[in-house]
Amino acid sequence: MFPKPYSLRLFVPSDLGRDTGVVLDKNQSHYVANVMRKTVGERIALFNGQDGEWIGTLQEVHKNHCLVHVTEQLRPQLDEPDITLLFAPVKKIQTALIVQKATELGVAALQPLQTARTNAERLREDKMELQTLEAAEQCERLNIPVVGALLPLQQALDVLEPERVLLFCNERLTGNSAGEVIPALAAAQKWAIVTGPEGGFTDEEIAMIAARPNTYAISLGPRILRAETAVIAALALLQAFHGDWIA
C-alpha cells in the first residue's frame with residue numbers, strides 16, 4: 001500500500017481550488033494544533049462535498065486559528081450511490097453506530113422514523129450531523145449524508161419518489177432473499193431501505209409499508225437481528241449485489 005500524501009483529512013465548508021487559502025474553524029484548529037499536534041509545513045487533505053478532495057499545506061497553526069494553502073487536487077468530485085436509509089432510532093450508542101456505519105457504506109440520506117415502538121428519548125440532529133461528518137472524514141468519502149428530522153412513518157414513506165425502490169427489511173422473516181430481489185432490480189438508480197425499531201414494526205405499520213408501490217420485502221436471514229445489525233447487513237447486501245458504488 002502506498003503511503004498517503006497527507007496526515008489528516010477534514011471537511012470544510014469553503015470553496016476549494018488551486019492556490020486558495022482555507023481558514024479552519026476554532027474546533028478544527030484546536031484538533032489540528034492541540035490534539036493531533038500538527039505543525040507548519042505538514043500536509044492535510046480537505047473536501048467540501050462539491051469540489052473533490054484537495055491537498056493543502058499548513059501555513060499557520062494556532063489553537064484557535066489555522067491557515068491552509070491548497071495546492072493540488074487528489075480526486076475530482078464523484079457521486080455516492082442514491083440510497084436513503086429510513087430507520088427507527090434506538091438507544092444512543094446504537095443509533096450512533098447506525099449513523100456511522102451507514103455513512104461508511106455510502107448512504108446519501110438518513111431519515112429517522114417515529115414508529116409505535118421507537119425508543120429514542122431525545123434525538124439530536126446536530127449530533128447525528130457531527131457523526132456523519134466524522135465518519136466521512138475517516139472513510140474517505142467525498143461528501144456527507146443529509147440528515148433528516150424525525151418523521152412519522154407514513155409521512156416519511158409519502159415523501160419518497162415513486163420511482164425509488166424501497167427494500168423493506170421485515171424482521172418477521174417474510175419476503176424473498178436479498179439475493180433474489182436486488183439483482184432483479186439492477187436497472188434501478190434510486191434506492192431506499194427501511195428497518196424497524198427494537199421490538200419490530202406493528203401489524204399496522206407492516207401493512208403501511210407493504211402498501212407503498214415499488215416496495216419489496218426482503219429477509220435478512222433466519223435470525224432476528226438487532227436494529228443496528230439489520231442496517232449494516234442490508235446496506236452491505238445492496239452494495240454487494242449492485243456493485244461497489246462508493247467513490
Side-chain angles (χ1 to χ4, degrees), residues 79-90 94-115 117-118 120 128 131-132 135 139 141 144-198 200-201 205-206 208-221 223-246:
D79 291 333
E80 297 286 344
D82 191 351
I83 305 172
T84 296
L85 174 66
L86 292 83
F87 72 100
V90 283
Q94 286 82 2
T95 295
L97 182 65
I98 288 172
V99 172
Q100 180 189 70
K101 299 310 175 185
T103 301
E104 292 178 17
L105 287 165
V107 300
L110 289 153
Q111 179 54 66
L113 301 176
Q114 180 66 56
T115 71
R117 296 172 180 152
T118 294
M128 290 176 59
Q131 291 161 350
T132 61
C139 75
R141 65 181 284 172
I144 297 175
V146 175
V147 176
L150 187 70
L151 290 180
L153 175 60
Q154 184 63 71
Q155 186 177 346
L157 293 173
D158 289 343
V159 298
L160 293 177
E161 310 95 313
E163 69 274 17
R164 187 175 294 276
V165 171
L166 177 62
L167 299 179
F168 173 26
C169 303
N170 192 341
E171 73 282 352
R172 298 191 184 178
L173 307 180
T174 60
N176 295 320
S177 72
E180 296 172 312
V181 175
I182 297 173
L185 299 167
Q189 295 298 314
K190 295 184 177 183
W191 296 82
I193 291 173
V194 59
T195 61
E198 294 177 348
F201 292 111
E205 289 169 338
I206 290 173
M208 186 187 303
I209 297 169
R212 179 195 176 268
N214 210 13
T215 295
Y216 300 83
I218 61 171
S219 170
L220 295 178
R223 291 165 290 278
I224 300 296
L225 304 181
R226 294 177 65 96
E228 63 272 22
T229 308
V231 168
I232 295 169
L235 287 168
L237 284 168
L238 180 55
Q239 182 179 333
F241 285 114
H242 204 290
D244 187 1
W245 293 340
I246 298 180

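Everything numeric here is computed off the predicted structure, so don't read it as measured data. Counting begins at 1 with the first residue of the sequence. Just so it is clear, the values below take in all heavy atoms, side chains as well, and ignore hydrogens, waters and symmetry mates.
- Rounded to the nearest 0.5 angstrom, Ile232 CD1 and Ile98 CD1 are separated by 8.0 Å.
- With sequence neighbours left out, Arg164 forms a side-chain hydrogen bond (donor to acceptor under 3.5 Å, both in side chains) with Asp82, Glu161.
- Considering only residues two or more places apart in sequence or on other chains, Thr229 meets the side-chain hydrogen bond (donor to acceptor under 3.5 Å, both in side chains) condition with none of them.
- Side-chain contact check for Leu110 versus Thr132: some heavy-atom pair is nearer than 4.5 Å.
- At a threshold of 4.5 Å between non-hydrogen side-chain atoms, the residues Val181 and Leu167 count as touching.
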Trace of the side chain to side chain contact (heavy atoms under 4.5 Å, CB included) decision for Leu105 with Thr103 | CA-CA 5 Å; Leu105 287 165; Thr103 301; over 6 Å; no
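- Take Gln154 and apply the side-chain hydrogen bond (donor to acceptor under 3.5 Å, both in side chains) test, not counting sequence neighbours, and it matches Asp158.
- For the pair Glu180 (side chain) and Ser177 (backbone), a donor-acceptor distance under 3.5 Å is present.
- Applying the salt bridge (charged side-chain N to carboxylate O under 4.0 Å, His left out) rule to pairs touching residues 225-238 yields Arg226-Glu228, sequence neighbours excluded.
- Judged by distance alone, with hydrogens and angles left aside, the side-chain atoms of Asn214 form a donor-acceptor pair with the main-chain N or O of Pro162 at under 3.5 Å.
- Considering only heavy atoms from C-beta on, Leu97 comes within 4.5 Å of Lys101 through its side chain.
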Mind running side chain to side chain contact (heavy atoms under 4.5 Å, CB included) on Ile193 and Cys169 for me, showing each step along the way?
-> CA-CA 7 Å; Ile193 291 173; Cys169 303; 3.9 Å; yes
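- A donor-acceptor pair under 3.5 Å links the side-chain atoms of Thr95 to the main chain of Val90, judged by distance alone.
- Between the Arg117 side chain and the Glu198 main chain, no donor and acceptor come within less than 3.5 Å of each other.
- Taking CG of Leu237 as the start and CG of Leu220 as the end, the distance is 6.5 Å to the nearest 0.5 Å.
- At least one side-chain heavy atom of Val231 sits less than 4.5 Å from a side-chain heavy atom of Leu85.
- Two residues are said to be in side-chain contact when any heavy atoms from C-beta on lie closer than 4.5 Å; Leu235 and Ile83 meet this criterion.
- Residues passing the side-chain contact (heavy atoms from CB on, under 4.5 Å) test with Leu150, sequence neighbours excluded: Pro89, Pro112, Gln114, Leu123.
- Counting only heavy atoms from C-beta outward, the side chains of Lys190 and Val165 never approach each other to under 4.5 Å.
- For Gln111 against Ala156, the heavy-atom pair with the smallest separation is CG-CB, 4.2 Å.
- Residues passing the side-chain contact (heavy atoms from CB on, under 4.5 Å) test with Ile209 are Leu153, Leu157, Leu166, Phe168, Val194, Phe201, Thr215, sequence neighbours excluded.
- For the pair Leu238 and Trp191, the minimum side-chain heavy-atom distance is below 4.5 Å.
- Within the 4.5 Å cutoff, the side chain of Tyr216 has heavy atoms near those of the Leu185 side chain.
- Counting only distance, with no hydrogens or angles, the side chain of Thr115 and the backbone of Gly196 share no donor-acceptor pair below 3.5 Å.
- What you find for Ala96 and Gln131 is that their closest heavy atoms are CB-NE2, 3.4 Å.
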